[in-house]
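Shown next, in C-alpha cells, is the structure this report addresses.
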Protein chains: 2
Amino acid sequence: MSQAAPSLPLGSHDLRKAGLKVTRPRLRILEILEAAEPHHLSAEDVYRELLANDHDFGLATVYRVLSQFETAGIVTRHHFAGGQAVFELDTGDNHDHIVCLKSGEVAEFKDVRIEKRLKQIASELGYTLTDHRIVLYGVHQDHRDA
Amino acid sequence: MSQAAPSLPLGSHDLRKAGLKVTRPRLRILEILEAAEPHHLSAEDVYRELLANDHDFGLATVYRVLSQFETAGIVTRHHFAGGQAVFELDTGDNHDHIVCLKSGEVAEFKDVRIEKRLKQIASELGYTLTDHRIVLYGVHQDHRDA
DNA sequence: ATAAATGCAAAGACTTTGCAGCGGC
DNA sequence: GCCGCTGCAAAGTCTTTGCATTTAT
C-alpha cells in the first residue's frame with residue numbers, strides 16, 4: 001500500500017539545510033518551539049515539555065540543540081529578564097517585544113518606521129546595521145492593580 | 001586656614017538620598033563609574049579598577065553595591081553580549097546603544113522620534129510605557145575588515 | 001552603641017563540555 | 001560502518017549569600 005503522508009517529519013528540511021542530522025530530540029524541540037504560545041521558551045521550559053511527553057532527554061542536549069539552532073538561524077536567543085535566556089523560532093519577520101512588568105507576559109510588535117529610523121541612525125554613526133533588539137517595559141492595562 | 005572644598009566627598013549626596021551609608025567602597029565605585037570611558041563596565045571591570053588603586057575590596061561587595069545602586073536608580077544594568085552584565089551610571093537621559101560586532105565597542109545614541117513612536121506603540125497595545133531598551137548590532141566602518 | 005556594610009568563602013543559577021555509547025545516513 | 005549526536009555527570013562562568021568582623025552614624 002502506498003503511503004500518502006510525507007516521507008519526512010516536518011522540520012527535517014530546516015535541519016538538513018543547516019547541516020544537522022535529523023534526530024528525534026531536534027525534531028521534538030522544533031515542534032515544541034512551533035507550538036509554543038507565547039513563543040518564548042527558556043531551555044528549562046523546553047526540557048520540561050520534553051520530559052512530559054517523551055522518553056528521557058538530557059537538559060544538556062536541549063542547550064546544545066538550541067545553540068546549534070541559533071547558529072543556524074533557526075531560533076533567536078533573548079535575554080529579557082536577566083538570568084535566563086529565552087528562545088523563539090526565528091520567523092524572519094524580526095519583530096520586537098514588550099514585557100509587562102506586573103505579569104511578566106511578553107507581547108510582540110513590529111514597526112517599519114522604527115526600523116527605518118534605526119538603520120538611519122546606525123548609518124549616521126558609521127555603522128552598517130546587522131540586527132537590533134528592542135524591548136519595551138510597561139504595565140498592561142489588565143494588570144494595573146496587581 | 002579655611003577649607004573651601006565641600007566637607008563631604010562627591011557622590012555622598014546620592015548615597016544618602018538612596019538610604020545607603022557613605023562608605024569607601026561605595027564612593028570609589030561611584031568614582032570609577034563616573035570616570036569610565038566608555039561608560040559600560042562589568043562588575044569585574046570595576047573590581048579590577050579597585051584592586052589597581054585601592055586596598056583590597058571584595059568582588060562580592062562590588063556586586064552588592066552595584067545591585068544596590070541599580071535598585072536606587074543610580075546605575076543601569078545591561079546585558080549586551082550575553083554572559084556578563086555591564087553597568088553604567090544612570091544619567092537620566094535614557095540613551096540607547098549600538099554594539100560593533102567586530103570590535104565589541106559600544107556607542108550611545110538618543111533619538112526622540114523613536115522614543116515618541118515607542119510610547120505610541122505601547123499605548124496602542126494597551127501598555128503604559130515605563131522604560132525601554134534598544135540595542136543595535138552592526139559593524140563600524142573602522143572594523144569592516146577585522 | 002547599634003545597625004548596616006564588608007570580606008571571605010561557600011553556595012547558587014544557568015550553561016557548556018568531556019567522554020563512552022547510540023543512531024542517522 | 002562512520003561520524004555525528006546523545007546522555008550523564010562534571011566543570012565553568014557569572015552572581016548571590018551566610019557569617020563573623022569592621023565601620024558609619
Side-chain angles (χ1 to χ4, degrees), chain A residues 7-30 32 40-51 54-72 74-87, chain B residues 7-9 11-30 32 40-51 54-72 74-87 104:
Chain A
S7 51
L8 286 174
L10 289 178
S12 303
H13 179 245
D14 308 277
L15 294 178
R16 290 233 146 74
K17 205 168 50 179
L20 298 171
K21 279 188 182 175
V22 179
T23 64
R24 192 141 164 39
R26 302 220 252 238
L27 286 175
R28 286 292 293 120
I29 291 176
L30 264 189
I32 288 170
H40 314 88
L41 298 181
S42 67
E44 282 283 354
D45 291 337
V46 173
Y47 181 56
R48 266 195 300 276
E49 194 75 22
L50 278 175
L51 287 191
D54 299 73
H55 329 266
D56 280 6
F57 293 111
L59 178 57
T61 298
V62 175
Y63 275 107
R64 254 183 312 228
V65 168
L66 288 173
S67 292
Q68 292 160 340
F69 282 5
E70 186 189 17
T71 302
I74 297 173
V75 307
T76 305
R77 186 190 303 243
H78 295 278
H79 293 269
F80 292 146
Q84 262 184 115
V86 296
F87 301 83
Chain B
S7 53
L8 284 173
S12 302
H13 179 244
D14 308 277
L15 293 178
R16 290 233 145 74
K17 205 169 52 180
L20 298 171
K21 281 189 181 172
V22 179
T23 63
R24 192 142 164 39
R26 302 222 252 236
L27 286 174
R28 285 293 292 120
I29 291 175
L30 264 188
I32 289 169
H40 313 88
L41 297 181
S42 67
E44 282 282 356
D45 291 336
V46 174
Y47 180 56
R48 265 195 302 276
E49 196 73 22
L50 278 175
L51 287 191
D54 299 74
H55 328 266
D56 279 8
F57 294 111
L59 178 56
T61 298
V62 175
Y63 274 106
R64 257 183 311 228
V65 168
L66 288 173
S67 292
Q68 292 160 340
F69 283 5
E70 186 188 17
T71 302
I74 297 174
V75 308
T76 305
R77 187 190 302 242
H78 294 279
H79 293 269
F80 292 146
Q84 264 184 113
V86 295
F87 301 82

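Just so we're clear, the structure is a prediction, and the values are computed from it rather than from any experiment. Reckoned from all heavy atoms, side chains included, excluding hydrogens, waters and symmetry mates. Residue numbers begin at 1 in each chain, while the letters A, B, ... track the order of the sequences.
A/D45 has its CG atom 11 Å from the P atom of C/dC14, to the nearest Å. Between the CG atom of A/D54 and the C1' atom of D/dT6 there is a distance of 14 Å, given to the nearest Å. With rounding to whole Å, B/F80 atom CZ is found 17 Å from D/dC14 atom P. A straight line from CD of B/Q84 to P of C/dT15 spans 15 Å, rounded to a whole angstrom. Between B/R77 atom CZ and D/dT15 atom P there is a gap of 7 Å when expressed in whole angstrom units. Regarding B/D56, its CG atom lies at a distance of 16 Å from the C1' atom of D/dT21, rounded to whole Å. Distance B/R28 CZ to C/dG7 C1': 18 Å, rounded to the nearest Å. Following rounding to the nearest Å, B/H79 (NE2) and D/dT15 (C1') show an atom-to-atom distance of 11 Å.
Note that the CG atom of A/L15 and the CZ atom of A/F69 stand 5.0 Å from one another [nearest 0.5 Å]. Here B/I29 contributes atom CD1 and B/L66 contributes atom CG; the two are 5.5 Å apart, rounded to the nearest 0.5 Å. Summarising the geometry, atom CD1 belonging to B/I32 is positioned 8.0 Å from atom CG belonging to B/L41; distances are rounded to the nearest 0.5 Å.
No engagement by A/S42 is indicated, since no non-hydrogen atom pair under 4.0 Å with the nucleic acid exists.
Distance from the side chain of B/L20 is smallest for C/dA5 among the nucleotides C/dT16, D/dT25, C/dA5. Side-chain proximity of A/A85 to C/dG23, C/dT15, C/dT6: nearest is C/dT15. Among D/dA24, C/dT16, D/dC5, the nucleotide with an atom closest to any side-chain atom of B/T23 is D/dA24. Distance from the side chain of A/F57 is smallest to D/dT6 among C/dC25, D/dT6, C/dT16. Side chain of B/R64, nearest nucleotide from D/dT16, D/dG7, C/dC8: C/dC8. Among the nucleotides D/dG4, C/dA4, D/dT16, the one closest to any side-chain atom of A/K21 is D/dG4.
Residue A/T61 places at least one side-chain N or O under 4.0 Å from the OP1 or OP2 atom of D/dG7. Not one side-chain nitrogen or oxygen of A/R24 sits closer than 4.0 Å to the OP1 or OP2 atom of D/dT6. Phosphate proximity of C/dG24 to A/R26: absent, as no side-chain N or O sits under 4.0 Å from OP1 or OP2.
B/R26 places a side-chain N or O within 3.5 Å of a backbone atom of B/K21 that can act as its donor or acceptor partner.
A side chain to side chain contact (heavy atoms under 4.5 Å, CB included) with A/R28 holds for exactly one of A/D54, A/V46, A/V62, A/T23; it is A/D54.
Of the residues near DNA chain D, A/L59 and B/Y63, the one whose nearest nucleotide (by heavy atom distance) lies more toward the 5' end is A/L59.
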